[in-house]
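Keep in mind it's a predicted model, so treat the numbers as computed, not measured. Protein chains get the first letters and strands the later ones, always in sequence-line order, with residue 1 at the start of each.
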Amino acid sequence: MRASRILLPTLRDAPGDAVARSHQLLVRAGFIRQIGAGLWSYLPFGWRVHRRVEQIIREEMDAIGGQEMLMPVLHPADLWKKSGRYGIPEMFYLKDRVGRDLVLSMTHEEVIAFHASEAIRSYRDLPQIWYHIQIKERDEPRPQGGVLRTREFIMKDSYTLDRDKSGLDEGYTKHELAYDRIFRRSGIRFYKVESDVGMMGGSGAHEYMAPSPAGEDRIVLCDGCDYAANVEMAVSVARPVSVAADQPLTEIATPDVTTIAALATLLGVDEGATMKSVIVVPEDERGGVVLALVRGDHRLHELKLQKALGSTFRPAHPDEIRAAFGAEPGSIGAVNLRGGAVREVLIDPSITDGGYVAGANRTGYHLVGAQHGRDFDARPIDLRHAESDDACVHCGGRLHIEDAIEVGNIFKLGLRYSVPMEATFLDDDGVEKPVWMGSYGIGPARILASAVEQFSDENGIVWPQAIAPYDVWIVPIGDDAIAPSDELDASLATLGVEVFVDDRKLSPGVRFKDADLVGVPLRITIGKRLETDGTIELKHRASGETEVLTPAEAPARLAALVAAAKALPAQP
RNA sequence: CGGGGUGUAGCGCAGCCUGGUAGCGCACGCGCUUUGGGAGCGCGUGGUCGCCGGUUCGAAUCCGGCCACCCCGACCA
């Protein structure tokens with residue numbers, strides 16, 4: 001491909017509002033352009049990368065028996081009313097000319113279940129793996145980071161349909177294998193982590209996470225074993241704190257002390273030897289306040305508390321706290337509760353049997369030696385945020401937390417959609433049963449952006465070979481270099497290598513800068529040396545190393561390099 | 001949705017406080033020179049200063065309202 005025929009609007013400066021590195025570089029390098037909040041066009045180079053990612057996904061999905069299809073973006077509202085998801089705030093709602101309710105697809109579980117309900121009659125029709133690579137529309141509260149979080153994006157979503165739970169497990173395992181190969185072939189660094197099932201519902205899930213400071217997710221990783229989890233799910237062993245057991249319960253005056261830090265300082269104890277009281281009001285019909293207890297040095301994990309409560313919640317207002325506990329915020333604890341004033345008390349299990357410092361429910365006083373089971377009752381449940389330097393529950397190793405971009409996820413949906421959507425089949429025992437479903441997503445744009453986040457330098461992007469917009473970038477210098485460039489392009493084309501010939505009428509310096517910015521892994525320079533000593537130069541974008549080649553040996557050398565770089569690599 | 005910020009040429013920015021002919025760099029066009037790491041000289045093109053209203057003889061500038069976009073948080077794949 002000749003540069004003079006392609007749209008490649010590179011910029012010397014990134015737009016002032018671009019913060020994420022991938023956002024800056026993809027715009028500067030002429031890959032993407034914004035048309036509104038969370039709405040992006042892919043220009044030719046950007047789209048080439050996207051399509052290469054798609055193609056890797058397609059090949060690996062086909063390899064596990066996936067059947068590619070295409071489902072619409074516009075859905076009748078009835079489908080979503082049937083599954084019970086109509087009304088969720090992230091969906092775009094619209095009406096047609098006669099007033100029928102329609103929605104734009106956020107995902108395709110409903111449509112898949114609809115097709116399954118019609119097409120799957122018998123256990124002989126199972127299992128199935130269906131997928132498509134299609135647009136998703138989501139009314140995101142806050143699109144950000146360029147192409148990292150958008151309101152319209154393309155997703156590969158696949159769905160397994162199985163006869164029973166073990167069938168679902170097999171389909172899930174196939175996806176784990178396919179996903180491992182997809183992300184390795186794409187050339188990005190990634191982790192597979194345990195994850196929350198989120199809005200999809202279901203019974204088990206993993207996420208594929210590309211570590212990057214631009215990521216919106218936090219993952220917990222063990223230095224000693226392969227434990228990896230989203231912080232939403234992570235369990236860990238808290239830093240040990242020594243607390244004496246069987247201390248007598250003693251009330252002490254702590255005037256004007258309302259923070260854990262001040263309390264620990266005043267009493268000369270570890271913050272971890274105190275109990276933090278968090279008072280919340282669940283947003284359900286039952287009413288009342290709930291007291292959640294975590295260790296003083298820990299943070300309450302709001303999502304875990306939400307799951308424990310079975311509903312969303314808000315912090316209690318000070319007057320609600322006074323009414324329920326008879327004391328000001330800052331002096332609240334689980335001991336000596338007034339009967340019926342507090343709906344439930346939850347306690348994080350890192351608070352062990354010893355005596356802790358706790359609010360006395362008397363303004364300006366705390367209790368020393370408060371002991372769960374002896375002085376108060378509470379339901380033990382994991383409520384705390386895993387922290388860096390916690391210990392691994394599996395191997396005792398040290399945990400650390402990294403930022404990461406979610407590039408894919410896999411969910412065991414179970415019967416969540418097949419039951420309401422009536423996707424059933426007749427089993428060999430003559431009984432009509434619901435299909436077991438799984439759903440599996442990958443965001444090609446996030447793979448693309450993750451690669452830029454992970455692989456760039458001060459000069460621009462450094463694409464992994466497999467998803468680079470082109471395999472080789474040729475800079476002809478001088479008119480005499482054009483014909484040899486085209487010849488090399490033609491030879492490489494017969495070897496399946498895609499070449500970009502930068503024949504723009506710009507100085508060599510500008511074209512070298514653009515080549516670095518755009519980040520094609522292999523660059524050939526054809527200049528005077530072809531005439532003087534019959535050679536051309538190969539430069540590796542990543543290492544900066546150069547090789548001197550003759551035009552005759554170049555095609556084989558380049559084709560070999562490309563093939564080697566695209567071979568399934570170990571994780572970098 | 002809460003908090004903060006920004007809207008002036010394709011991109012990056014100055015001008016606004018203190019009202020008086022809209023500027024700079026890059027990019028872009030033409031000419032000449034130049035061709036292995038963002039070339040030089042010369043001549044040019046391009047902006048209803050986000051929108052609406054108000055104050056004023058006069059508004060990019062002051063006032064009010066609205067819109068858009070970005071960041072943090074909430075939320076979410």
Side-chain atoms of A:Ser507 come closest, of B:A39, B:C75, B:G36, to B:A39
Looking only at the side chains, is there a donor atom on one of A:Arg21 and A:Ser456 sitting less than 3.5 Å from an acceptor on the other? yes
Taking atom P in both B:C57 and B:C52, what distance in whole Å separates the two? 22 Å
Under the side-chain hydrogen bond (donor to acceptor under 3.5 Å, both in side chains) test, which residues partner A:Glu194, sequence neighbours left out? none
Check this for me: does the side-chain of A:Arg28 come within 3.5 Å of the base of B:G10 through a donor and an acceptor? no
Distance between the C1' atoms of B:G50 and B:C70, in whole angstroms? 15 Å
Who does B:C1 pair with, Watson-Crick or G-U, both distances under 3.5 Å? B:G73
Decide yes or no for A:Val280 and A:Val289: does some side-chain heavy atom of the first lie under 4.5 Å from some side-chain heavy atom of the second? no
With sugar-phosphate meaning primed atoms plus P, OP1 and OP2, does A:Glu406 contact a base, only sugar-phosphate, or nothing at under 4.0 Å between heavy atoms? sugar-phosphate
For the residue pair A:His132 and A:Asp157, confirm or rule out a side-chain donor-acceptor distance under 3.5 Å. yes
5' precedence on RNA chain B between A:His23 and A:Thr525 (nearest-nucleotide basis): A:Thr525
Assign A:Glu216 to base, sugar-phosphate, or nothing according to its heavy-atom contacts below 4.0 angstrom with the strands shown. nothing
Looking just at side-chain N and O atoms, do A:Glu59 and A:Gln55 make a donor-acceptor pair shorter than 3.5 Å? yes
Return the nearest nucleotide to the side chain of A:Glu537; candidates are B:G38, B:G36, B:C70. B:G36
Which nucleotide in the set B:G37, B:C71, B:G38 lies at the smallest distance from any side-chain heavy atom of A:Gln144? B:C71
Measure the shortest side-chain to side-chain distance between A:Val520 and A:Phe500 over non-hydrogen atoms and say whether it is less than 4.5 angstrom. no
State the pairing partner of B:G29; accept Watson-Crick or G-U wobble contacts with both distances under 3.5 Å, and report none otherwise. B:C43
Would you classify A:Lys505 as touching base, sugar-phosphate or nothing, given that sugar-phosphate means primed atoms plus P, OP1 and OP2, and contacts are heavy atoms under 4.0 Å? nothing
Say we look at B:G37 and B:G31: how far apart would their P atoms be, to the nearest angstrom? 26 Å
C1' atoms of B:C11 and B:C69, separation to the nearest Å: 16 Å
Atom P, compared across B:G53 and B:A39: separation rounded to whole Å: 47 Å
What's A:Thr10 touching, base or sugar-phosphate or nothing? Going by heavy atoms closer than 4.0 Å. nothing
Taking the P atom of each, how far is B:A74 from B:G65, in whole Å? 29 Å
Between the side-chain atoms of A:Lys539 and the base atoms of B:G36, is any donor-acceptor pair under 3.5 Å? no
Hey, does A:Arg523 reach any base, or is it just sugar-phosphate, or nothing, if we go heavy atoms under 4.0 Å? base
Return yes when atom CG of A:Asp319 has more than 12 non-hydrogen atoms of other residues, nucleotides or ligands closer than 6.0 Å, and no otherwise. yes
Roughly how many Å apart are B:G4 and B:U61, using the P atom of each and rounding to a whole number? 23 Å
Residue met sooner reading RNA chain B from 5', once A:Val510 and A:Leu148 are mapped to nucleotides: A:Val510
Selection from B:C75, B:G36, B:C69 that lies nearest to any side-chain heavy atom of A:Pro508: B:G36
Select one nucleotide: of B:G38, B:G73, B:U35, the one nearest the side-chain heavy atoms of A:Arg142. B:G73
Partner nucleotide, any strand, of B:C62 [Watson-Crick/G-U, under 3.5 Å]: B:G54
Indicate whether the side chain of A:Tyr417 and that of A:Ser439 have a donor and an acceptor atom separated by less than 3.5 Å. no
Tell me yes or no: between the side chains of A:Glu547 and A:His540, is some donor less than 3.5 Å from an acceptor? yes
Residue A:Phe512, side-chain heavy atoms: nucleotide from B:G36, B:G38, B:C11 that is nearest: B:G36
Which nucleotide in the set B:U35, B:A27, B:C70 lies at the smallest distance from any side-chain heavy atom of A:Gln34? B:C70
With a 4.0 Å cut-off on heavy atoms, is A:Arg511 in touch with a base, just the backbone sugar-phosphate, or nothing at all? nothing
Strand partner of B:U18, provided both Watson-Crick or wobble distances fall under 3.5 Å: none
What integer distance in Å separates A:Glu140:CD from B:C75:P? 14 Å
Please say whether the positively charged group of A:Lys136, taken as NZ for Lys or CZ for Arg, lies over the ring of A:Phe153, i.e. under 6.0 angstrom from the six-membered ring centre and within 45 degrees of the axis. no
Select base, sugar-phosphate, or nothing to describe what A:Gly460 touches, counting heavy atoms under 4.0 Å on all strands. nothing
Could you pull out the protein-nucleic contacts involving nucleotides 12-16 of chain B (nitrogen or oxygen on both sides, under 3.5 Å)?
residue : atom : partner : partner atom : Å
B:G12   : OP1  : A:Gly16 : N            : 2.6

Taken to the nearest whole Å, CD1/A:Ile477 to C1'/B:A39 is 14 Å
Separation between the P atoms of B:A22 and B:C51, rounded to whole Å: 16 Å
